[in-house]
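Structure first, commentary second.
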Amino acid sequence: MPAIDESHRRRRSQKRKPRELPTEKAARPEKEKKPEIRRPGPRGWLGRGRGEASVVQPVDEWRGTTVQVCGLHPFSVGTGTPMVGVPMGLQLFTGATVCADPISWFQDADLISNPSVFILGLPGLGKSTYTRRTAAGLAGLGTLPLVLGDLKPDYVDMIRALGGQVITLGRGRGHLNILDPGEAFEAAERLRQAGKEKERAQVLADAHGRRHTMVSALLTILRKEPPTDREESIIDRALRVLDEHHTGVPVLGDLLRVIQEAPQEVRDVALDRGDDTRYKAITENLEASLISLTSGGRLGETFAHATDVPMMRDRPVVYDVSSIDDSDTDMQAAVLLACWSAGFGTVNVANALADAGLEPRRHYFVILDELWRALRAGRGMVDRVDALTRLNRQRGVGLAMISHTMSDLLALPSDEDRMKARGFVERAGMVVCGGLPGAEMHMLTSAVPLSRAEQELLTSWQDPGTWDSGPGSEPPGRGKFLIKVGGHPGIPIKVELVEAERAINDTNKLWHATTAFPAPDESNPMIGLDDAEHAAHEFAVEVDGAAPVEPEEGAA
C-alpha cells in the first residue's frame, strides 16, 4: 500500500492548469493556416463542366519476350495464360492472348498427357469455328488436318483454302474400294529396296488387317449382326488368295468370285470335308451378303468399284459425305468406317516410311465432328472410336472430337457403349466447353471437374440474343469457350475471326440467298401469282369460263 499512497499523493500535488478566460483566448494570435492543395480524383475533377470521366480507359498493354521487355521493370509482369500453340483468342476477363491446341500442348509444352481435345457446346455457338481455327493454325505449324467424314459439310472450304484434297462420297457421288490397300504396296516395295524387311511385313500385315476388318464391318451393318467365326476365316483366306494371284487392285466382286470358285485354301478353312454341297451350304449366307454389297443393295454400289480419288498423305484431306441423308444411318455408318480405315491406313504408311528414314516425319490432326451421329450410326462405331482415342498418341496424330452435350454420348442403347462414350471425355487431354444448359452440369462434372463459377459461366453462354437486338446480332455465348485441363482452373476465351477466316466459317450459306417470285408476265397472267392467287384464278375460270374480273379500286 505505500507505493499506492505515494502515487496518489503525487497526483494530488500536481497543480491543475488554470482555465483560459474568453478574453485571453481572443487575444491569442491564431496559427497560420497552410494553403489547401486540391487534387483531382481517379476520375478527374468532380462536378459539372470540370471534365469528370465516367469511364476510365485501361492502360495500354504490350506483349514481348523477357529479353525485349526486361528494361521496363517494374512495369512488366508475367502472362497468366499459355503462349505455346495456335492463337485461339483473348482471355475473356484480362484480354491476354491465349494459345492452345492439343498437339503443341502435348509435344512442346508438356501440359497434357494425350494429344486430344473434346469440344462440347450447343448448336450455333461456334464449335466448328473453334475447330477450324485449330486446324488452320496447326496447318501453319506443319500438322496436316484430316477430316475423315464431314457430315454437314463444315470443313470443305477450309481444306480447299489450305490447298488440300476434297474427296466426295455418297450415293452416285464417288466410290471407295475397301479392298484397296492404298499406298501400302508401294510403301512395302520401297521398304524392301531399302532392306527394311521387318517394316515391310508390318505394312502389309496392317493393310491386310484393315481390309479384313472393313469387310466384316460392312457385313455387320448389312446383317445387323457380326459374321460367324467360320465366315471370318473364309474372308481372311480369300483375301490372301487375292493378294497372291490377282493382278491389280481387287474389288468386292473379286472377293466374291474367289469364294464362289472355292480354291483349296479356302475350302480348308471352311471345313467342307471335301463335299461341294457342304461347301456351298457353308458359304451361302456369305455369298448372299457379298452379292448385296456388289449389286447396289441397301448400301448401294459405293464400295463395289475402284476408288475414284485415292487419298494423299502429304496434304490436308477431307471426305465430304454430306450428301448422305441423316435418316440413312446404315450408309452413314458404312461410309464413316471406310473413311476412318482409309485415313488411318494412310497414317500408318506415312509412319512406317518415316521410321525407315525414307520420308520426313508428318503429324496429323484428325477431326471427328458430329461425333454423336457417328456413334449412333450402327454397331461397332463406339468400339472403333474407342480404339482411336486410345491409340492416337502411339500413331502420332492429334484428335479432335466434337459433340453437342454429354446427353448425346449417354443416349446410346447399351450401358457398355455409354460407359465407353463417357471415357472419350475423361481421357481427352483438353476439354473445351461452350454454352451448355444447366441440366448438363451434373453429367459434365462427373467427367470434368468444374467450379460453381465455371458452371454459371457456361450456362450464361447458352442464352439467346435479346428480342430487340436487330439484324446482324449474335447470341452472347457465340465464340466463347472454357478450356479445361484436369483440375486446373478453366481459361475463358473469346474467339475473334480475322477477315481471311470469314469466308470459310460461314455455315449458313443456304440462308443467305432467297428466291423471289418472277414479275407477272403480260403474255401469261399466271406467272408471278402465289398459290392462293393461282387457286382463285383456276376456280374463276372453271366457274365462269373466264378469268376473274379485277375489283374496282375501293371495292370490298
Side-chain angles (χ1 to χ4, degrees), residues 127-178 180-183 214 249 300-326 328 331-350 362-371 373-374 377 388 397-402 497 500-510 512-513:
K127 298 187 304 298
S128 298
T129 299
Y130 183 96
T131 310
R132 282 189 293 267
R133 165 67 67 84
T134 305
L138 285 174
L141 296 176
T143 300
L144 300 177
L146 299 181
V147 187
L148 304 180
D150 192 354
L151 295 167
K152 287 188 176 180
D154 279 344
Y155 303 90
V156 172
D157 293 339
M158 181 196 72
I159 297 298
R160 283 202 179 103
L162 294 175
Q165 185 182 25
V166 179
I167 304 174
T168 304
L169 294 176
R171 297 186 185 276
R173 290 176 174 83
H175 303 93
L176 180 60
N177 180 17
I178 63 172
D180 189 349
E183 299 175 320
M214 273 309 306
V249 179
E301 297 183 355
T302 304
F303 312 103
H305 302 281
T307 300
D308 295 332
V309 183
M311 179 180 173
M312 306 178 71
R313 65 177 180 272
D314 59 349
R315 63 187 62 190
V317 179
V318 57
Y319 280 96
D320 181 8
V321 298
S322 58
S323 62
I324 303 175
D325 191 79
D326 293 344
D328 196 354
M331 188 64 178
Q332 273 191 351
V335 170
L336 287 174
L337 281 175
C339 293
W340 295 351
S341 177
F344 279 93
T346 301
V347 171
N348 290 339
V349 169
R362 295 186 179 94
H363 292 135
Y364 300 90
F365 182 54
V366 178
I367 300 173
L368 302 180
D369 202 351
E370 295 293 319
L371 183 64
R373 292 169 62 179
L388 296 181
V397 301
L399 186 63
M401 298 166 283
I402 303 99
L497 298 179
E501 290 179 293
R502 298 189 184 279
I504 66 172
N505 281 278
D506 187 1
T507 58
N508 296 323
K509 295 180 180 179
L510 297 181
H512 294 334

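Sequence positions, counted from 1, serve as the residue numbers for this chain. Note that the structure is a prediction, hence the values are computed from the model and not measured.
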**Study point:** Smallest separation among heavy atoms of H175 and D308, with atom names
**Key:** N-OD2, 2.9 Å
Practice item. Write down the atom of C339, the atom of V321, and the distance for their closest heavy-atom approach. Key: SG-CG1, 4.3 Å
Check your understanding: For the atom pair CG (L162) and CG (L144), what is the distance rounded to the nearest 0.5 Å?
Key -> 9.5 Å
Check your understanding: D328: what forms a salt bridge (charged side-chain N to carboxylate O under 4.0 Å, His left out) with it, not counting sequence neighbours?
Key -> R171
Practice item. Determine whether V249 and P181 make a side-chain contact, defined as any pair of heavy atoms from C-beta on separated by less than 4.5 Å. Key: yes
Study note, to complete from the structure: Heavy atoms of T302 and M331 approach each other most closely as OG1-CE, 2.9 Å
Point to revise | Minimum heavy-atom distance M214-S341, with the two atoms named | key: CG-OG, 3.5 Å
Point to revise | Donor-acceptor contact below 3.5 Å, side chain Q165 vs main chain R313 | key: no
Point to revise | Distance (rounded to the nearest 0.5 Å) between R173 CZ and T168 OG1 | key: 9.0 Å
Exercise for review: Measure the spacing between CZ of R132 and NZ of K127 and express it to the nearest 0.5 Å.
Suggested key: 10.5 Å
Check your understanding: Taking only residues two or more places apart in sequence or in another chain, which ones pass salt bridge (charged side-chain N to carboxylate O under 4.0 Å, His left out) with R133?
Key -> E501
Exercise for review: Apply side chain to side chain contact (heavy atoms under 4.5 Å, CB included) to the pair V309 and V166, showing each step before the final yes or no.
Suggested key: CA-CA 9 Å; V309 183; V166 179; over 6 Å; no
**Study point:** Closest contact, heavy atoms only, I178 versus A338
**Key:** CG2-CB, 4.2 Å
Exercise for review: Show the numbers, then the answer: is there a side chain to side chain contact (heavy atoms under 4.5 Å, CB included) between L148 and F344?
Suggested key: CA-CA 9 Å; L148 304 180; F344 279 93; 3.9 Å; yes
Review point. Between the side chain of N177 and the main-chain N/O of T307, is any donor-acceptor distance below 3.5 Å?
Key: no
Practice item. Keeping the roles fixed (side chain from E183, backbone from V349), state whether a donor-acceptor pair exists under 3.5 Å. Key: no
Exercise for review: Look up atom OH in Y319 and atom CG in D150, then write down how far apart they are to the nearest 0.5 Å.
Suggested key: 13.0 Å
Check your understanding: At what distance, to the nearest 0.5 angstrom, does CD1 of I367 lie from CD1 of I402?
Key -> 6.5 Å
Study note, to complete from the structure: Of all heavy-atom pairs linking G170 and I324, the shortest is CA-CG1, 4.1 Å
Exercise for review: Could you go through the side chain to side chain contact (heavy atoms under 4.5 Å, CB included) check for V347 and L146 one step at a time?
Suggested key: CA-CA 10 Å; V347 171; L146 299 181; 3.9 Å; yes
Practice item. Measure the CZ-OG1 distance between R362 and T143 for me, rounded to the nearest 0.5 Å. Key: 12.0 Å
Practice item. Mind running side chain to side chain contact (heavy atoms under 4.5 Å, CB included) on T131 and D369 for me, showing each step along the way? Key: CA-CA 9 Å; T131 310; D369 202 351; 5.8 Å; no
Check your understanding: Going by heavy atoms in the side chains, are Y155 and S128 under 4.5 Å from each other?
Key -> yes
